Amino acid sequence: AEIYPTEYRGKCVAQSTAIFWFSNFLVSLTFLSMARWLGNHGVFFFYTVIVILSEVWFYINMPETAGKSFHEIQAMFALSEQQHALAAAAAAGSKTNYGSLPTDDIQLSKDGDRVVVVV
């Protein structure tokens, strides 16, 4: 819970807990039928492959935060959110070149079916 900003901590912990219990539910739901098909060793091998693929995905896609302060981590993810805002606006069908926009204080505004970047 310490990694979440104070204003979002409750929602983030609730989401983490829900994902944890849903994952446990999926394992409980699938284990016995998969054990019949693959055997015990096969099921554990299958779950091991899922864990390894997840670790590779996280290693590639998540920035390293070891040794950084909470504020440095927030700044790292704030840049990602700003880049995401530009990508979301571009994906909404806008023809503007967003590469030249400054990335400080970018906000998205919904205008009907369009997404507008407010700088």
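In what follows, residues are counted from 1 in the order of the sequence shown. Values in this document were obtained by computation on a predicted structure and should not be read as measured data.
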Worksheet item: Does Trp21 reach the side chain of Asn24, with side-chain heavy atoms less than 4.5 Å apart?
Response: yes
Practice prompt. List the atom of Phe44, the atom of Thr48, and the distance in Å for their closest heavy-atom pair.
Written response: O-OG1, 2.6 Å
Fill in: Distance, nearest 0.5 Å, that separates OG1 of Thr30 from OH of Tyr47
3.0 Å
Practice prompt. Examine Phe31 and Met34 and state if one hydrophobic cluster contains both, with Ile, Leu, Val, Met, Phe, Trp and Tyr joined whenever side-chain heavy atoms are less than 4.5 Å apart.
Written response: yes
Discussion item. Working to the nearest 0.5 angstrom, can you tell me the gap between Leu29 CG and Phe22 CZ?
Written reply: 9.0 Å
Discussion item. Hydrophobic clusters here meaning ILVMFWY residues chained together by side-chain heavy-atom distances under 4.5 Å, can you tell me if Trp37 and Ile50 are in one?
Written reply: yes
Practice prompt. Return the minimal non-hydrogen interatomic distance between Glu64 and Lys68, and the atom names on each side.
Written response: O-CE, 3.4 Å
Fill in: Val43 to Leu38 - nearest heavy-atom pair and separation
N-CB, 4.1 Å
Fill in: Same apolar cluster: Leu53 and Phe45, side chain cutoff 4.5 Å
yes
